[in-house]
Amino acid sequence: QATLAQDIRAQIQMWAVVATLLAALAAPAASTLSGNSIAEVPQSQSSSSSVTVPLLRKGAPSSVHAENVSSPAENASSPGENASSPAENSSSPTHLEVPAFFWNVHWQCSIGARGSSSSCKERVARRFVQLAQEANAQIVTSIELSNGMSEPVGLPALGLEGWTQVNGPCSRGGSGGDSAALAFAPDWVVEKSGGGCLRHDWDMRAFAVARVTPPLPVQGCSSLCVVALHAPHTVITSGKDIVSSVCGETVGSCAIAMGDWNVPVD
């Protein structure tokens, strides 16, 4: 029994270390985005509300949550005071879930290079739409799903009917380049959009950005700044002006970023 207890304590300590390491790894990504005017929705320090914006894995569906949760002290009242029926409480939504889907299919598939078949792009594009529909996604991001190297494939024509797509082509002369694209479900309204390159050298990567109106306000935000990015392996040197022009004040307080963050190189 003593040995079992020791093993349990060791496991708890190990996972605590893992959690600490994950938090430390997430901090540089957040600070990099902040320095380039690409930000995640900030978490409120107040107990009255919370926002969770998970970092998306490649090809993995996830969601953005916005909740309005009052603290016990705020909800405290005497019996009978401010009483309302369950029907009245259920009529006003307090929780908005925004399922999102992201996939970097990689350029080799899009152009049939380095072992990829010539039909890879067509098959993976159909699969992209299928996975997005299965996830009931409201926002999707595609990276390197392109015609050539820098022209994003049109997702509405492949099955996302009624969706609005925002392209972020990043071209380098006659060859090379990168691509990123955002698409929003029919009940989302794109107010303004843009895109381009995060760098202009060998490590060039693409991004797309849109200021949108969601079906319901998110954490008090009637408009959101949504960024799809393919982060360079080095540092981001371009794109700040485009993001600022598209999103305005929302970039600092009502923003969501998703995409392929890549691993920095020394």
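Just so it is clear, the structure is predicted and the values come from calculations on it, not from any experiment.
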Without hydrogens or angle criteria, can the side chains of [X] and [Y] be said to hold a donor-acceptor pair below 3.5 Å?
X: Asp178; Y: His230; answer: yes
X: Ser179; Y: Glu151; answer: no
X: Ser238; Y: Arg199; answer: no

Within the structure provided, determine whether [X] and [Y] are in side-chain contact (heavy-atom separation under 4.5 Å).
X: Met258; Y: Val227; value: no
X: Leu216; Y: Pro214; value: no
X: Glu191; Y: Ser223; value: yes
X: Ile139; Y: Val212; value: no
X: Leu158; Y: Arg126; value: no
X: Cys225; Y: Val209; value: yes
X: Trp188; Y: Gln138; value: yes

Value rounded to 0.5 Å, distance of [atom1] in [X] from [atom2] in [Y]:
X: Asn104; Y: Asn262; atom1: CG; atom2: CG; answer: 8.0 Å
X: Ile143; Y: Ser110; atom1: CD1; atom2: OG; answer: 11.0 Å
X: Arg123; Y: Ser118; atom1: CZ; atom2: OG; answer: 9.0 Å
X: Arg114; Y: Trp107; atom1: CZ; atom2: CH2; answer: 4.0 Å

Leu182 reachable from Val218 in the ILVMFWY side-chain graph, under 4.5 Å edges: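 Result: yes, single cluster for both.
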Path from Val105 to Met204 over hydrophobic side-chain contacts below 4.5 Å: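 Shared cluster, no.
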Which atom of [X] lies closest to which atom of [Y], heavy atoms considered:
X: Cys109; Y: Val124; result: SG-CG1, 3.7 Å
X: Ser142; Y: Leu155; result: OG-CD1, 4.3 Å
X: Ala210; Y: Val190; result: CB-CG1, 4.3 Å
X: His106; Y: Glu144; result: CA-OE1, 2.9 Å
X: Ser150; Y: Ser171; result: OG-CB, 3.8 Å
X: Ala135; Y: Pro99; result: O-CB, 3.6 Å

Stepwise side-chain contact (heavy atoms from CB on, under 4.5 Å) test for Leu198 and Leu229: CA-CA 8 Å; Leu198 296 173; Leu229 74 162; 4.1 Å; yes
Glu134 atom CD, over 12 foreign heavy atoms within 6.0 Å: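 Check passes, neighbour count above 12.
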Using atom types as modelled and distance alone, determine if a side-chain donor or acceptor of [X] lies under 3.5 Å from a backbone N or O of [Y].
X: Lys192; Y: Ser245; result: yes
X: Thr250; Y: Cys247; result: yes
X: Gln133; Y: Gly159; result: yes

Trace of the side-chain contact (heavy atoms from CB on, under 4.5 Å) decision for Asn167 with Gln165: CA-CA 6 Å; Asn167 290 338; Gln165 180 163 325; 2.7 Å; yes
Separation of SG atoms, Cys221 and Cys254, below 2.5 Å: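 Between Cys254 and Cys221 there is a disulfide, given that their SG atoms are under 2.5 Å apart.
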side-chain contact (heavy atoms from CB on, under 4.5 Å) between Phe101 and Thr141, intermediate numbers included: CA-CA 6 Å; Phe101 179 77; Thr141 290; over 6 Å; no
Test applied, side chain to side chain contact (heavy atoms under 4.5 Å, CB included); reference residue, Val140; option that passes from Phe102, Trp103, Trp163: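 Output: one option passes, namely Trp163.
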Pair Val153-Phe128, side-chain contact (heavy atoms from CB on, under 4.5 Å): steps then yes or no: CA-CA 11 Å; Val153 166; Phe128 185 104; over 6 Å; no
